[in-house]
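The sequence lines fix the lettering, A, B, ..., with proteins before strands; numbering per chain opens at 1.
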There are 2 protein chains.
Amino acid sequence: MSPSKSRTDALMAGDELSSAAQRERRKRIVDATIALASKGGFDAVQMRAVADRADVALGTLYRYFPSKVHLLVSSLAVELERAQEKMDRTTVPGDSSYERVLFVLGRITRGLQRNPHLTEAMTRAFTFADASAGAEIDRVSLLMESMFTKAMSDDAPTEEQKAIARVIGDVWLSNLVAWVTRRATATDVANRLELTVRLLLK
Amino acid sequence: MSPSKSRTDALMAGDELSSAAQRERRKRIVDATIALASKGGFDAVQMRAVADRADVALGTLYRYFPSKVHLLVSSLAVELERAQEKMDRTTVPGDSSYERVLFVLGRITRGLQRNPHLTEAMTRAFTFADASAGAEIDRVSLLMESMFTKAMSDDAPTEEQKAIARVIGDVWLSNLVAWVTRRATATDVANRLELTVRLLLK
DNA sequence: GTCAGAAATAGAACACGTTCTATAAACTTC
DNA sequence: GAAGTTTATAGAACGTGTTCTATTTCTGAC
């Protein structure tokens, strides 16, 4: 894994791509990634296959995303943003932080579990990421944190709430990984999350 | 990653290797792994380099450990066992679970941080492991869990204590990874662990 | 419109994990 | 101690992530 060039970093952020053609290329790449990951997981996201499917040259793929991990983590960010938007349009039920956080957790978790291969690909990329993908990782971490703090209260979160959200995020991810690697069942995951949130918020 | 043969699985457990020569080979391999990982981290643990350094053929290396991830996670287990043994010979100070768990956490964390490359190699292998390394992963998870439950109390741990230990382990690992990938400083890690343990045990 | 530089393309080339093949050495078992 | 079996060895070969090269296409400034 080599250090990425600054130009490439600019491309990765994704929102301020010069031309429409470039924005479309980028979208085709992410779509191809998600499609391949959904079908066969991490191993099926092969850079040549992504390039083929997105109809770009291999070199172009690498110009947009400097590694497979960057590619998958960026796709994870895209997916989480979608989930967050959907959640923002929902009124989260529950009278306490405890109940609301559990609701959000359960919903996203079940959403991910509906697409095991995609989840496997993304969580493995996320946990395998090295320092060079720090920016993408931070982006995803922040998304996760705000997802849970929003569930706790509508106001700006306190430091303590942020800390709790981070802990929940850590446990959540670790349990997703356990599920993805067949070391835990969906029920195990649900139980452990419930227990964790209870310990932290009750 | 292909499914491992049962014969190979038997070898991986490591304790009941037929001959002394085999036990020595295995030890040379683990030593070489730890040495290379200490020097250059995950990327430096190259299978050809391990084989060379351990003075075995590449094929032999694969007969003992069916993949790089198995190799590194097994080495992690070895290291954790050492840490656990050392800890067993120590009287853990502190009047509460909270204090004792923090002591143990701090000590192991600082130990790992003394060897950043090794820690990077092992945590990345651990989090990247797929289903085929389930046995090794479970072994390490159990080691971690018992490490923390022992700190909580001398008696057999309750289910609740086990759950707490697992949460702490999840947060611990996630923070180690953040540190290893330079997204968190040693101080960040210490603070977050302190906060987590406080939330869970106070 | 033309030209310079940037971006995209096709494809070769390289690195490292993993597998395979052929041969030799080391063990069982009689 | 000979035959047969398991284990180890050297090294080739293969797959996939990544990089490199040569060429073509696009874009923006004049």
Side-chain angles (χ1 to χ4, degrees), chain A residues 1-12 16-26 28-29 32-33 36-37 40-73 121 124-125 128-130 132-133, chain B residues 1-8 10-12 17-26 28-29 32-33 36-37 40-73 121 124-125 128-130 132-133:
Chain A
M1 316 246 172
S2 69
S4 49
K5 305 187 201 71
S6 62
R7 165 51 56 105
T8 315
D9 280 336
L11 284 172
M12 281 154 37
E16 64 306 76
L17 282 178
S18 22
S19 75
Q22 286 181 320
R23 247 170 284 120
E24 268 156 38
R25 254 186 224 102
R26 190 176 201 280
R28 286 207 308 278
I29 291 172
T33 303
L36 288 168
F42 188 87
D43 290 343
V45 180
Q46 302 189 352
M47 299 306 268
R48 291 171 181 84
V50 172
D52 270 11
R53 184 159 187 147
D55 221 16
V56 298
L58 189 55
T60 307
L61 172 52
Y62 273 94
R63 168 179 287 276
Y64 282 69
F65 299 94
S67 79
K68 175 168 172 172
V69 164
H70 284 78
L71 174 56
L72 279 166
V73 177
R124 287 187 67 202
F128 189 58
D130 69 354
S132 83
Chain B
M1 317 251 170
S2 67
S4 50
K5 308 188 201 73
S6 62
R7 166 51 55 107
T8 315
L11 284 173
M12 281 155 35
L17 281 179
S18 22
S19 76
Q22 287 181 320
R23 250 171 282 121
E24 266 154 40
R25 254 185 225 104
R26 191 176 199 279
R28 287 207 307 277
I29 291 173
T33 303
L36 287 168
F42 188 87
D43 291 342
V45 180
Q46 301 188 354
M47 299 305 267
R48 290 174 181 83
V50 172
D52 270 11
R53 183 158 188 145
D55 221 17
V56 299
L58 190 54
T60 306
L61 173 51
Y62 274 94
R63 170 180 285 275
Y64 281 70
F65 299 94
S67 80
K68 174 168 171 170
V69 164
H70 285 77
L71 175 55
L72 279 166
V73 176
R124 286 185 70 201
F128 190 59
D130 71 353
S132 83

Distances for protein N or O near nucleotides 11-13 of chain C N or O, under 3.5 Å:
unit_1, atom_1, unit_2, atom_2, d
C/dA13, N6, A/Arg48, NH2, 3.3

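A donor-acceptor pair under 3.5 Å is formed between the side chain of B/Lys68 and the backbone N or O of B/Phe42.
Whole-Å rounding puts the A/Phe42 CZ to C/dG17 C1' distance at 13 Å. Rounded to whole angstrom, the span from the CZ atom of B/Arg25 across to the C1' atom of D/dT6 amounts to 12 Å. Protein atom CG of A/Asp43 is 15 Å distant from nucleotide atom P of C/dG17, rounded to whole Å. Between the C1' atom of C/dT18 and the CG atom of B/Leu71 lies a distance of 14 Å, rounded to the nearest Å. Rounded to whole angstrom, the span from the OH atom of A/Tyr64 across to the C1' atom of C/dA7 amounts to 8 Å. Atom P of nucleotide C/dA15 and atom NZ of B/Lys68 are separated by 16 Å, given to the nearest angstrom. In this structure, the CZ atom of A/Phe65 is 13 Å from the P atom of D/dT18, given to the nearest Å. Between A/Ile29 atom CD1 and C/dT9 atom C1' the separation is 13 Å, expressed in whole Å.
A distance of 14.0 Å separates CZ in B/Arg53 from CG in B/Leu61, rounded to the nearest 0.5 Å.
Checked against side chain to side chain contact (heavy atoms under 4.5 Å, CB included), A/Ala54 has the following partners two or more places apart in sequence or in another chain: A/Arg28, A/Ile29, A/Ala32, A/Val56. A/Ala129 meets the side chain to side chain contact (heavy atoms under 4.5 Å, CB included) test with A/Val69, A/Ala133, A/Ile137; sequence neighbours excluded. Every side chain to side chain contact (heavy atoms under 4.5 Å, CB included) that A/Ala49 has, sequence neighbours left out, goes to A/Leu36, A/Gln46. B/Arg48 pairs by the side chain to side chain contact (heavy atoms under 4.5 Å, CB included) definition with B/Leu58, not counting sequence neighbours.
Here C/dT18 is the nucleotide among C/dT18, C/dC16, D/dA8 with the atom lying nearest to any side-chain atom of B/Tyr62. Comparing D/dT18, C/dT9, C/dT18 by their nearest atom to the side chain of A/Met47 picks out D/dT18. Closest approach to the B/Arg63 side chain among D/dA8, D/dT18, C/dA7 is made by D/dA8 (side chain taken as heavy atoms from C-beta onward).
When side chains are defined from C-beta on, B/Ser132 counts as touching B/His70, because their heavy atoms get closer than 4.5 Å.
Less than 4.0 Å separates DNA chain C from no heavy atom of any residue of residues 49-57 of chain B.
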